[in-house]
2 protein chains.
Amino acid sequence: MPETTLAEADSPLNAEQRELLDQVLDKWSLRVLETLCGRPLRFNELRREIPTVTQKSLTTTLRRLERNGMVERVVTGTRPLAVEYRIAPLGKTLQDLVDALFGWTAANYAEVERARRRFDDETTQRG
Amino acid sequence: MPETTLAEADSPLNAEQRELLDQVLDKWSLRVLETLCGRPLRFNELRREIPTVTQKSLTTTLRRLERNGMVERVVTGTRPLAVEYRIAPLGKTLQDLVDALFGWTAANYAEVERARRRFDDETTQRG
DNA sequence: CGGTATCCATTGCGATACTG
DNA sequence: CAGTATCGCAATGGATACCG
């Protein structure tokens with residue numbers, strides 16, 4: 001315990017790194033990454049795969065993922081404009097993590113529901 | 001036949017499950033989970049461990065984590081009110097995942113920065 | 001100590017309309 | 001097809017004040 005210190009007691013991540021993590025774990029980002037890990041898709045294909053995302057949100061999400069090096073945007077045709085999005089090597093390194101996240105959620109959702117009912121019952125009695 | 005299928009079948013998670021994941025992956029939730037995995041902490045201790053969180057956000061985060069069964073809130077003293085927060089078994093199942101997330105970020109941040117510079121340079125030239 | 005209540009600025013997001 | 005531009009509302013989040 002001697003040396004060390006500095007901001008070691010604080011987070012393992014600095015503010016910029018945490019911001020990156022937020023961007024990657026974003027609601028739509030996770031879905032897009034997971035979907036593109038399956039296969040490259042066109043913009044509107046992606047929309048259909050994720051029916052609840054709006055065009056605006058999808059555009060924003062894709063731009064940010066592209067800027068962060070997680071996906072690649074490839075123009076494949078000029079007339080009518082055709083754009084393909086595919087997972088980039090850096091995005092591929094997240095695949096196992098994303099799968100694990102979805103897996104954890106599916107595996108533990110029922111237990112969370114029970115916890116919620118317990119919590120809601122208790123607070124209803126008191127409140 | 002379930003009347004709720006529609007085009008939702010391709011996603012590994014339904015809407016409620018994705019909402020749970022969003023709550024767990026929330027900016028402050030991750031920090032709180034990680035911190036409480038170390039040891040139980042009082043409310044104000046937690047605030048000091050996460051200096052940038054406001055009281056309001058910390059309260060909201062803790063309530064939600066408690067409701068989802070991820071942390072336990074234990075009142076240990078009544079006179080000056082004393083409350084301890086500790087990781088619950090369900091929250092403990094997330095520890096490896098949270099560590100992996102922080103680990104991935106730390107390991108890949110430099111690469112992301114390079115990607116960002118590439119992206120910004122390219123769009124600057126065109127824009 | 002460990003919150004709640006309130007106000008307020010900022011942001012996010014959906015809906016809509018339009019373009020190369 | 002693959003976006004951009006604009007508007008308006010609703011939710012988030014900080015600051016502050018107060019309470020058991």
Side-chain angles (χ1 to χ4, degrees), chain A residues 15 18-32 35-36 39-67 71-86 119 122-124 126-127, chain B residues 7 15 18-32 35-36 39-68 71-86 119 122-124 126-127:
Chain A
R18 228 213 9 68
E19 194 190 347
L20 166 63
L21 191 54
D22 285 339
Q23 291 182 7
V24 164
L25 297 182
D26 173 82
K27 173 179 180 174
W28 299 124
S29 294
L30 273 190
R31 290 282 286 119
V32 167
T35 305
L36 290 183
R39 70 174 200 278
L41 290 170
R42 304 272 296 273
F43 184 83
N44 281 328
E45 288 178 320
L46 217 31
R47 281 189 76 179
R48 284 189 287 273
E49 292 285 326
I50 311 174
T52 45
V53 72
T54 63
Q55 185 175 45
K56 182 180 179 178
S57 294
L58 183 55
T59 300
T60 305
T61 300
L62 284 170
R63 283 294 165 280
R64 200 168 51 193
L65 287 176
E66 187 196 358
R67 178 168 186 266
V71 309
E72 288 164 9
R73 179 179 182 274
V74 186
V75 179
T76 61
T78 48
R79 210 199 61 66
L81 188 55
V83 178
E84 191 179 84
Y85 290 94
R86 60 177 66 164
F119 181 91
E122 287 168 12
T123 51
T124 298
R126 286 198 296 263
Chain B
R18 256 180 279 130
E19 194 189 348
L20 166 63
L21 191 54
D22 287 338
Q23 291 182 6
V24 164
L25 297 182
D26 173 83
K27 173 180 179 174
W28 299 125
S29 295
L30 273 190
R31 290 283 286 116
V32 167
T35 306
L36 290 183
R39 69 174 202 278
L41 290 170
R42 303 271 298 272
F43 185 83
N44 282 327
E45 288 178 320
L46 216 31
R47 282 189 76 179
R48 283 188 288 273
E49 291 286 327
I50 311 174
T52 46
V53 73
T54 63
Q55 185 175 44
K56 182 181 179 178
S57 294
L58 183 55
T59 300
T60 305
T61 299
L62 284 170
R63 284 293 164 282
R64 201 167 50 193
L65 287 176
E66 187 197 356
R67 178 167 185 266
N68 287 334
V71 309
E72 288 164 10
R73 179 180 183 273
V74 186
V75 179
T76 60
T78 49
R79 226 223 304 83
L81 188 55
V83 178
E84 191 179 84
Y85 290 93
R86 61 174 71 157
F119 182 91
E122 287 167 12
T123 51
T124 298
R126 285 199 294 264

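To find a chain, count down the sequence lines: A is the first, B the second, and so on, and within it residues start at 1. Both backbone and side-chain heavy atoms feed into the values below; hydrogens, waters and symmetry mates do not. Here the structure is a predicted model, which is why all the values come from computation and not from measurement.
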B:Gln55 CD to D:dG14 C1', straight-line distance once rounded to whole Å: 12 Å

Euclidean distance, atom CD of residue B:Glu84 to atom C1' of C:dC1 [Å, nearest integer]: 14 Å

Whole-Å gap separating C1' (C:dT11) and CG (A:Asp26): 14 Å

Any B:Arg79 side-chain nitrogen or oxygen under 4.0 Å from OP1 or OP2 of D:dG20: no

Student check: side-chain heavy atoms of A:Leu21 and B:Leu25 closer than 4.5 Å: no

Euclidean distance, atom CD of residue B:Glu45 to atom C1' of C:dG2 [Å, nearest integer]: 13 Å

Flag side-chain contact, heavy atom, 4.5 Å: A:Trp28 against A:Leu62: no

Length of the line joining B:Trp28:CH2 and D:dG14:C1', which is rounded to integer Å: 11 Å

pair A:Tyr85-A:Glu45: side-chain heavy atoms closer than 4.5 Å: no

Atom-to-atom span, CZ of A:Arg64 to C1' of C:dG12 - whole angstrom: 11 Å

Min side-chain heavy-atom separation B:Val53-B:Leu46 under 4.5 Å: no

Selected nucleotide, minimal atom distance to A:Ser57 side chain, candidates C:dG14, D:dG3, C:dG3: C:dG14

For atom CZ of A:Arg63 and atom P of D:dA2, their distance in whole Å: 11 Å

Side-chain N,O (B:Thr60) to OP1/OP2 (D:dT12) below 4.0 Å: no

Below 4.0 Å: OP1/OP2 of D:dG3 and any side-chain N or O of A:Tyr85: yes

Integer-rounded Å distance: C:dG3 P and B:Glu66 CD: 9 Å

A:Thr54 vs C:dG14: side-chain N/O to OP1/OP2 distance below 4.0 Å: yes

Side-chain N,O (A:Arg47) to OP1/OP2 (D:dA2) below 4.0 Å: no

OP1 or OP2 of C:dG2 under 4.0 Å from side-chain N/O of B:Thr59: no

A:Leu81 vs A:Lys56, nearer the 5' end of DNA chain C by closest nucleotide: A:Lys56

Salt bridge (charged side-chain N to carboxylate O under 4.0 Å, His left out) assessment of B:Arg18 paired with B:Asp22: CA-CA 6 Å; B:Arg18 256 180 279 130; B:Asp22 287 338; over 6 Å; no

D:dC1 phosphate, OP1 or OP2, under 4.0 Å from A:Arg42 side-chain N/O: no

